[in-house]
Protein chains: 2
Amino acid sequence: MAQSHKKPPRKTLRPRKGDVAIDKAVYDAIRRAMLMGRLLPGTKLKEPALGRVLNVSRERVRKALHRLVHEGWLEAVPNRGTFVPALTIGEVREIYDVRTMLETAIVGRLCAELGTAAAQRLKAHVAEERQAVRTDDRVRLFGLSGEFHVLLAELCQNEQLTKLLRGLLTRSTMHFSLAAPERFQNCAGPHDHADIVKAILARDAKKAAKLMLDHLLGLVEMQSAWQPPPSPMRLEEAFRGIAAAKRPL
Amino acid sequence: MAQSHKKPPRKTLRPRKGDVAIDKAVYDAIRRAMLMGRLLPGTKLKEPALGRVLNVSRERVRKALHRLVHEGWLEAVPNRGTFVPALTIGEVREIYDVRTMLETAIVGRLCAELGTAAAQRLKAHVAEERQAVRTDDRVRLFGLSGEFHVLLAELCQNEQLTKLLRGLLTRSTMHFSLAAPERFQNCAGPHDHADIVKAILARDAKKAAKLMLDHLLGLVEMQSAWQPPPSPMRLEEAFRGIAAAKRPL
DNA sequence: TGAATCCAGAATGTGCACATTATTCTGCCA
DNA sequence: TGGCAGAATAATGTGCACATTCTGGATTCA
């Protein structure tokens, strides 16, 4: 305590108040890179390199990586680093199995209790998907296809359910994104979705559940057919156009 | 680079190799304190105090808190601190609603495909619960009651499902633990479990699902009746007997 | 007397400097 | 020429020293 207590060096220490925004930006950047298939399974995410590429400090990268690891997006090996996981077909099947359990129950419930507003939202969504198909807007259709399943959960008015299903959805699409990014699509097509909505609106619980089951089984089948391409990718290229912080921090 | 480069102070820096174990210990300690009802909803978990109590550095506490926050056990307010959440009855109902969707599907599947080994494990578990009731072993019954639901998931041979259900279970019991720690019990009693197992063994999917539904509804009903007691608690008392690291780090 | 303000104390957030550990490269030897 | 050992280099893990922000209480003024 009774030391010299010299003036600290303090070079460039300036923690602004907009801190959580930066954290989220880093997190989103890595997640987006994965979802866009820029990061091959087995890729090692080095903290210094990521910090350089994203223009943030290593601690920021570290925090984002920890979060992603815990969410199941990445795998961490102590004293080794953080890696992009190689999801096996079995794991993908398991995730889709859980989704089947949840989503068949969801459509069943929607058949039992469905307000006019909810029905309207369903019909509007199907119309949007049809429009996306007509204009051949692949990117938009990709987003809509995923949001359809989230919408079904939302209509149950259960926050926990929605959050859970959203996590399952992103995890189930991860393998697909990593495996075949050029074939950007979430579902086989909006046709299945339209049929499911029709069954729900007709209050046909049995048919709706069956359609949902077949739909998800079809997705698994489709994903199982793909193989991860063996072409590696540099980190700088992977994060090209995916900025976290414009100015250095 | 061309600076004086004096000898660094380095007082007591000794990062052992058993690091992840300490992290887990801190994490478990806080979680255990919550599960034992030692931490009332609204309690602020101060990092320095926790570090003192658990004999670990503040960074370790910080990491554990971050993880717990992300898992939904705690709530963090930026620049304010980390707090024990006050789960509303509505949220508890939502969690149980999700559990209902999953677990009715689980028992349905078990009725369809159930090996002899699985049937044996089910019967053994029911016997264990009955034994715990006979000897009036409350603590053991508490653990067994929770593990029953996890066991059902495990018998589906789906890792993802098991992990998910385990999370839901702990989260659904959290409110109960916080509200009424002295009434330590997971389920209304082993009687419901025995009936469910009987229906599964009889391959009666409809009855099994109905029994599970009623079982979970009963649990929600029971939890809704309780109110959180308004007696606060000091941090030192809360973590009495819940050690993270014996020796200072 | 009550409320607004300001100030001291503590708690949180974060960059940084190390120690430790893993990886790669290079030279040597079989 | 291929494999192996050791050193150099890079990456990860962690305590620490700050800056910033929040909180609680005392003081002052209407």
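Every chain is numbered from 1, with letters handed out A, B, ... down the list of sequences.
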Calculate the interatomic distance between [X] atom [atom1] and [N] atom [atom2]; express it in whole Å.
{"X": "B/Lys63", "N": "C/dG13", "atom1": "NZ", "atom2": "C1'", "result": "16 Å"}
{"X": "B/Glu59", "N": "D/dC16", "atom1": "CD", "atom2": "P", "result": "8 Å"}
{"X": "A/Asn55", "N": "C/dG15", "atom1": "CG", "atom2": "P", "result": "13 Å"}

- [ ] Report the residues that fulfil ring pair (Phe, Tyr, Trp, His ring centres under 6.0 Å) with B/His125, sequence neighbours left out, ordered by chain and then residue number.
- [x] B/Phe148
Open item on the list: With salt bridge (Lys or Arg N to Asp or Glu O under 4.0 Å) as the rule and sequence neighbours excluded, what pairs involving residues 69-83 of chain B come up?
Closed with: B/Arg67-B/Glu71
Task: Contacts of B/Lys46 that satisfy side chain to side chain donor-acceptor pair (under 3.5 Å) - sequence neighbours left out - done: none
Task: Partners meeting side chain to side chain donor-acceptor pair (under 3.5 Å) with A/Gln157 (sequence neighbours left out) - done: none
Just list the side-chain donor-acceptor pairs under 3.5 Å for residues 82-91 of chain A, sequence neighbours left out, or say none.
| from | atom 1 | to | atom 2 | distance (Å) |
| --- | --- | --- | --- | --- |
| A/Thr88 | OG1 | A/Glu91 | N | 3.2 |
| A/Thr88 | OG1 | A/Glu91 | OE1 | 3.3 |
| A/Glu91 | OE1 | A/Thr88 | N | 3.1 |

Each nucleotide N or O in nucleotides 10-12 of chain C that has a protein N or O under 3.5 Å away: list the pair and distance.
| from | atom 1 | to | atom 2 | distance (Å) |
| --- | --- | --- | --- | --- |
| C/dT12 | OP2 | B/Glu47 | N | 3.1 |

